[in-house]
Amino acid sequence: MKIGVLGTGNMADALATHWVRAGHEVFVGGRDERKAQRLATHIRGGTGHGSLHAAARFGEVVLAALPYGAGADVVKELHTALSGKVLLDCANPVGPGFRLLTEGGPSSAARLAAAAPGAQVVKAFNLCHEDVWRMTPPVFDGRPLAVPVCGDDEAALTRVYELVRDVGCEPVAAGGLERAGLLEATAALFIGLWVAEQVDVRAIAPPLAYATGPGVGLHR
């Protein structure tokens, strides 16, 4: 698969490294092409580098590894090159005090979809710190990390599920793109609990067999 990466930060590094190891062709694009070159050199594996436009043109799937607030503006500039592509959004619109910056408005993913209406936007990889995605693989207590994925196009989802598995994780169908805002809100909640309260969020939900209460529902 040909993957264009928009951005040269930690998420771009963590995810692209897995995908190069899995045999995909990756092209890193940045506003500062020297940073793109440094990241491509760090990832190695024949990774290409250049401008944001070049990365958007290159990829069948394009990862928007961009800060919330900048992402929609960048994508709007690239909307022609992104037409017909899968656009993967991993942004977390979380601000000071673990506040959800999109509250009362469109999700980060919806903003990207509006900025590039010809692209198929998929939301994934937003619930964990970049160092979790650097793990080879992210496995905890013997179980691969599950990655919720939101999107509307089946072909786009199939591609992203493959990329999730290439990171060593298991994709979870989390609904259409209209549910991406729930993923972003979940990230705001989880980050606040992890960082401010030092809470293991796995402890706040019962096992699947008890999701509808003891003695009824899913565990029968």
Side-chain angles (χ1 to χ4, degrees), residues 1-92 108-126 130 133-134 136 147 149-169 171 177 180:
M1 195 183 307
K2 290 186 175 181
I3 303 170
V5 176
L6 307 178
T8 57
N10 290 327
M11 284 296 288
D13 182 5
L15 294 175
T17 297
H18 281 288
W19 295 335
V20 168
R21 288 172 179 161
H24 299 292
E25 297 179 65
V26 173
F27 189 104
V28 178
R31 288 198 186 277
D32 185 335
E33 293 187 32
R34 291 173 296 180
K35 289 184 179 179
Q37 181 179 14
R38 284 198 294 270
L39 179 54
T41 300
H42 171 71
I43 295 171
R44 296 181 292 183
T47 306
H49 61 86
S51 68
L52 292 168
H53 277 91
R57 289 193 300 269
F58 177 85
E60 302 164 89
V61 174
V62 178
L63 171 68
L66 301 163
Y68 174 72
D73 291 338
V74 170
V75 164
K76 188 173 183 179
E77 293 176 11
L78 304 174
H79 73 276
T80 300
L82 291 169
S83 184
K85 309 290 183 73
V86 179
L87 182 59
L88 178 54
D89 177 33
C90 64
N92 269 331
S108 168
R111 290 170 190 261
L112 295 194
Q120 296 294 340
V121 177
V122 177
K123 186 80 184 189
F125 295 113
N126 72 303
E130 61 264 15
W133 304 123
R134 294 184 199 278
T136 52
V147 178
V149 181
C150 291
D152 296 329
D153 183 83
E154 287 301 322
L157 289 169
T158 297
R159 287 183 180 272
V160 173
Y161 291 165
E162 179 182 347
L163 295 178
V164 169
R165 294 187 181 100
D166 288 336
V167 174
C169 301
L177 198 65

Just list the side-chain donor-acceptor pairs under 3.5 Å for residues 7-14, sequence neighbours left out, or say none.
residue: Asn10; atom: OD1; partner: Arg134; partner atom: NH2; Å: 3.3
residue: Asn10; atom: ND2; partner: Glu130; partner atom: OE2; Å: 3.1
residue: Asp13; atom: OD1; partner: Thr17; partner atom: OG1; Å: 3.2
residue: Asp13; atom: OD2; partner: Arg134; partner atom: NH1; Å: 3.1

Next item on the list: For the residue pair His53 and Leu78, establish whether any side-chain heavy-atom pair is separated by less than 4.5 Å.
Entry: yes
Note to self: Nearest 0.5 Å, please: how far is CD in Gln120 from NZ in Lys85?
What the structure shows: 13.0 Å
Notebook entry, point to check: What's the verdict on side-chain contact (heavy atoms from CB on, under 4.5 Å) for His18 and Thr136, showing C-alpha distance, side-chain angles and the deciding distance?
Noted result: CA-CA 8 Å; His18 281 288; Thr136 52; 3.7 Å; yes
Next item on the list: State, with a plain yes or no, whether a side-chain heavy atom of Leu52 is found less than 4.5 Å away from one of Arg31.
Entry: yes
Check: Atom NE2 in His49, atom CD in Gln37: separation rounded to 0.5 Å?
Finding: 4.0 Å
Notebook entry, point to check: In a check of side chain to side chain contact (heavy atoms under 4.5 Å, CB included) between Leu87 and each of Leu63, Val61, Val122, Val121, which one passes?
Noted result: Val121
Check: Distance from Leu6 atom CG to Leu82 atom CG, nearest 0.5 Å?
Finding: 6.5 Å
Next item on the list: Would you name the heavy atoms of Ala180 and Cys150 that are closest together and state the gap between them?
Entry: N-SG, 3.9 Å
Margin query: Any non-hydrogen side-chain atom of Val5 less than 4.5 Å from a side-chain atom of Leu39?
Written below: no
Notebook entry, point to check: Do you know which two heavy atoms are closest between Ala16 and Ile43, and how far apart they sit?
Noted result: CB-CD1, 3.6 Å
Item checked: Smallest separation among heavy atoms of Ala72 and Ala115, with atom names -> O-CB, 3.5 Å
Check: Is there a side-chain contact between His24 and Glu162, using heavy atoms and a 4.5 Å cut-off?
Finding: yes
Margin query: Any side-chain to backbone donor/acceptor pair from Lys76 onto Ala114? Under 3.5 Å, distance only.
Written below: no
Notebook entry, point to check: Between Leu163 and Ile3, is any pair of side-chain heavy atoms under 4.5 Å apart?
Noted result: yes
Margin query: Tell me the closest heavy-atom pair linking Val147 and Ala124, and the distance in Å.
Written below: CG1-CB, 4.3 Å
Next item on the list: Can you measure from CE (Met1) to CZ (Arg159) and round to the nearest 0.5 angstrom?
Entry: 5.5 Å
Check: Is any side-chain heavy atom of Arg57 closer than 4.5 Å to a side-chain heavy atom of Phe27?
Finding: no
Next item on the list: State, yes or no, whether a side-chain contact exists between Val160 and Pro171 at a heavy-atom distance under 4.5 Å.
Entry: no
Notebook entry, point to check: In Å and rounded to the nearest 0.5 Å, what is the CG to CG distance from Asp152 to Leu157?
Noted result: 8.0 Å
Checklist line | Shortest non-hydrogen separation from Ala65 to Cys90 and the atoms involved | finding: CA-SG, 4.1 Å
Next item on the list: Report the residues that fulfil side chain to side chain donor-acceptor pair (under 3.5 Å) with Tyr68, sequence neighbours left out, ordered by chain and then residue number.
Entry: Arg111
Check: Does a side-chain heavy-atom distance below 4.5 Å link Trp19 with Val167?
Finding: yes
Margin query: So, using side chain to side chain donor-acceptor pair (under 3.5 Å) as the criterion, who are the partners of His79 when residues are at least two apart?
Written below: none
Notebook entry, point to check: Taking all atoms of both residues into account, what is the closest heavy-atom pair of Val26 and Phe58, and its distance?
Noted result: C-CE2, 4.2 Å
Note to self: Let me confirm one number: the CG-CG distance from Asn126 to Asn92, rounded to the nearest 0.5 Å.
What the structure shows: 4.5 Å
